Undergrad: 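First the structure, which I've put down as structure tokens, then a few questions once you've had a look.
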There are 2 protein chains.
Amino acid sequence: MNDSPRRKELTRQAAQLFVQEGFDRTTVRMLAEEMGIKSGSLFHHFRDKQEILAAVIEEGTRNALAIAHAALESCDRDSEARLQAMARAHLETLLTDRNAHVVALYEWRRLDDDARAHLGHLRDAYEALWETVIDEALAAGLIHGDRFLVSRFVMGALNWTVRWYDPEGERSPEELGRELVAMLMAPRG
Amino acid sequence: MNDSPRRKELTRQAAQLFVQEGFDRTTVRMLAEEMGIKSGSLFHHFRDKQEILAAVIEEGTRNALAIAHAALESCDRDSEARLQAMARAHLETLLTDRNAHVVALYEWRRLDDDARAHLGHLRDAYEALWETVIDEALAAGLIHGDRFLVSRFVMGALNWTVRWYDPEGERSPEELGRELVAMLMAPRG
DNA sequence: GTCTATATACCGATAGAC
DNA sequence: GTCTATCGGTATATAGAC
């Protein structure tokens, strides 16, 4: 529809509800209340509920991509540091804000065909970034295994943290990232 | 309500729909049609929609527990074989039948408080079984890392396969299990 | 840009005949 | 155990005043 600052703020609030309740159980009335408006007013900003989901997922994936890029640029060049930077960035987008990136990962199937086609390249870009860092680690002998499967297993281990991580607990997202990389590395290099 | 063979068959059919559509998007009318009856008749077998979900999840978790136990009893005693047996059993319940175990993992949050309390011990038993096998592998020096985190990461990597695995593809659940264990092991022991 | 009011459809669940 | 018929509630979305 557009991308006004207002719409962006509404998208941010929608993301929070989608994470808490899931997309299907979140009603437009709940969304409107969270936004401080009536449900009828919501459709001035979004064509329908589907478009809200697409906006949240686009925002979540773009943000994750930007944060991952920034993390890679500001860390050491060795493949262990880069792998940890990616894991840490990924976990922070998932666990610290509990924001749109969670929705992008867990509600992707709810997108209609048009939205999936439109957002597919963004998702692919993020996964491609992961695969380059995995490739570097494989080439350096830091980790080992099949390139495709290692990528999927690593992302699965990270994505599933949403289900069990306790923000009130003692472990930080950064610590989780370090532990995951350590788990994959040979004990003495 | 009861556990007649009829109800068990209906539960099996419900599981398939819950995996395909998700619990929230599956209507009682869809369930009834899949079962070959009218929607009103469904409530002769289940008190409400929640009870169908609870039945599916109980079935899925019991089945996974039974298959895991059987796999452990019929494999070699070394910790690598046992870890692979667990991974293979887990993946087969998730990927081969696409059945109730997927629902147990992905729709757990939709259970009401009573059902969660009732089924929690089953889920705990299954996770405890995983942790004993992980503990053995840690003690044997096969893998390394924090016991709690390794368990969560491994189960996350396995559970996420549901999202990307292609049953028509060339990789079997068994191969995935072998590759996951290989990824975690030190290259030269 | 937000409101009130409402259209239209479908949801889960029940009642009672057979 | 399954059927028909339907209740009461709530869902997404629209129309038009302000």
Side-chain angles (χ1 to χ4, degrees), chain A residues 1-59 103 107-116, chain B residues 1-59 103 107-116:
Chain A
M1 227 170 210
N2 59 45
D3 56 340
S4 63
R6 177 78 173 126
R7 181 174 149 125
K8 214 169 178 188
E9 169 65 7
L10 298 179
T11 301
R12 204 188 58 78
Q13 291 173 303
Q16 197 188 335
L17 263 178
F18 287 163
V19 171
Q20 280 173 24
E21 304 290 331
F23 174 71
D24 291 322
R25 291 166 78 91
T26 303
T27 69
V28 294
R29 285 176 175 83
M30 291 163 67
L31 289 163
E33 190 173 19
E34 180 83 8
M35 297 165 179
I37 57 179
K38 299 295 179 180
S39 66
S41 309
L42 217 165
F43 295 93
H44 177 77
H45 302 279
F46 302 92
R47 185 180 359 260
D48 53 26
K49 196 185 167 191
Q50 269 288 324
E51 197 179 78
I52 309 179
L53 178 62
V56 169
I57 290 184
E58 175 161 0
E59 163 67 17
V103 179
E107 307 286 0
W108 180 267
R109 292 193 315 163
R110 300 299 166 223
L111 289 172
D112 58 34
D113 290 344
D114 286 350
R116 248 202 298 271
Chain B
M1 227 168 210
N2 59 45
D3 55 340
S4 63
R6 177 80 171 124
R7 181 174 149 125
K8 210 165 182 193
E9 169 64 8
L10 297 179
T11 301
R12 202 188 60 79
Q13 290 173 302
Q16 196 187 335
L17 262 178
F18 287 163
V19 171
Q20 280 174 24
E21 305 289 332
F23 175 71
D24 291 323
R25 290 165 77 93
T26 303
T27 68
V28 295
R29 284 172 177 82
M30 291 163 68
L31 288 164
E33 191 174 18
E34 180 83 11
M35 297 166 180
I37 56 179
K38 300 294 179 181
S39 66
S41 309
L42 218 168
F43 295 92
H44 176 77
H45 302 280
F46 302 92
R47 182 177 5 255
D48 53 27
K49 195 185 167 192
Q50 268 289 324
E51 199 180 78
I52 309 180
L53 178 62
V56 169
I57 290 184
E58 175 160 358
E59 164 67 17
V103 179
E107 306 287 0
W108 180 267
R109 294 194 312 165
R110 300 299 168 223
L111 288 172
D112 59 33
D113 290 343
D114 286 350
R116 249 203 298 270

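All values below come from the heavy atoms of this structure, side chains included, with hydrogens, waters and symmetry mates left out. Proteins come first, then strands; the chains are lettered A, B, ... in the order of their sequence lines, and each starts at number 1. Owing to the predicted nature of the structure, the values given are computational and were not obtained by experimental measurement.
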Undergrad: In this structure, how many angstroms lie between the C1' atom of dC3(C) and the CD atom of E33(A), rounded?
TA: 16 Å
Undergrad: Taking the nucleotide of DNA chain D with the closest heavy atom to each, which residue, T27(A) or F43(A), is nearer the 5' end?
TA: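 On the 5' side of the pair lies T27(A).
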Undergrad: Could you give the CG-to-C1' distance, from D24(B) to dT10(D), as a whole number of Å?
TA: 15 Å
Undergrad: Can you tell me how far P of dC11(C) sits from CZ of F23(B), to the nearest Å?
TA: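 Whole-Å distance recorded here is 14 Å.
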Undergrad: Does a side-chain N or O from H44(B) land closer than 4.0 Å to OP1 or OP2 of dT2(D), or not?
TA: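 Negative; the distance criterion is not met.
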Undergrad: Can you tell me how far CD of E51(A) sits from CG of D114(A), rounded to the nearest 0.5 angstrom?
TA: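 Going from the CG atom of D114(A) to the CD atom of E51(A) covers 11.5 Å.
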Undergrad: Using a cut-off of 4.0 Å on non-hydrogen atoms, how would the nucleic acid contact of S4(B) be classed: base, sugar-phosphate, or nothing?
TA: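 It contacts nothing in the nucleic acid.
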Undergrad: Between the main-chain N or O of E33(A) and the side-chain N or O of K38(A), is there a donor-acceptor pair closer than 3.5 Å?
TA: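 Flag not set: sc K38(A) to bb E33(A) has no pair under 3.5 Å.
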Undergrad: Answer with base, sugar-phosphate or nothing: what part of the nucleic acid does K49(B) contact at a heavy-atom distance below 4.0 Å?
TA: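 The residue K49(B) makes sugar-phosphate contact but no base contact.
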Undergrad: Any side-chain N or O of H45(A) under 4.0 Å from OP1/OP2 of dT2(C)?
TA: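 Affirmative; the distance criterion is met.
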Undergrad: Any donor and acceptor pair, going by atom type alone, linking the side chain of S41(B) with main-chain N or O of I37(B) inside 3.5 Å?
TA: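 No; judged by distance alone, with no hydrogens or angles, the pair does not exist.
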Undergrad: Whether the side chain of K8(A) engages the backbone of E59(A) through a donor-acceptor N/O pair (distance < 3.5 Å, no angle test) should be reported.
TA: no
Undergrad: Inspect the contact between R12(B) and E9(B) and indicate whether a charged nitrogen and a carboxylate oxygen are less than 4.0 angstrom apart.
TA: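 Here E9(B) pairs with R12(B) in a salt bridge, since their nearest N and O are under 4.0 Å apart.
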Undergrad: What's the CD-P distance between E9(B) and dG1(D), to the nearest Å?
TA: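 Interatomic distance, CD of E9(B) to P of dG1(D): 15 Å.
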Undergrad: Rounded to whole Å, please give me the gap between CG in L31(B) and C1' in dA13(C).
TA: 14 Å
Undergrad: Can you check the D48(B) CG to dA13(C) P distance for me, whole Å?
TA: 5 Å
Undergrad: On DNA chain C, compare the nucleotides closest to G40(B) and R25(B); which residue's is nearer the 5' end?
TA: R25(B)
Undergrad: NZ of K38(B) versus P of dT2(D): gap in Å, rounded?
TA: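 Rounded to the whole Å, the gap is 13 Å.
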Undergrad: More 5' along DNA chain C: S41(A) or V28(B), using each one's nearest nucleotide?
TA: S41(A)
Undergrad: In whole Å, I'd like the distance from the CE atom of M35(A) to the C1' atom of dT2(C).
TA: 14 Å
Undergrad: Establish whether the base of dG12(C) is bridged to the side chain of R29(B) by a donor-acceptor pair shorter than 3.5 Å.
TA: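 Side chain to base: pair found, below 3.5 Å.
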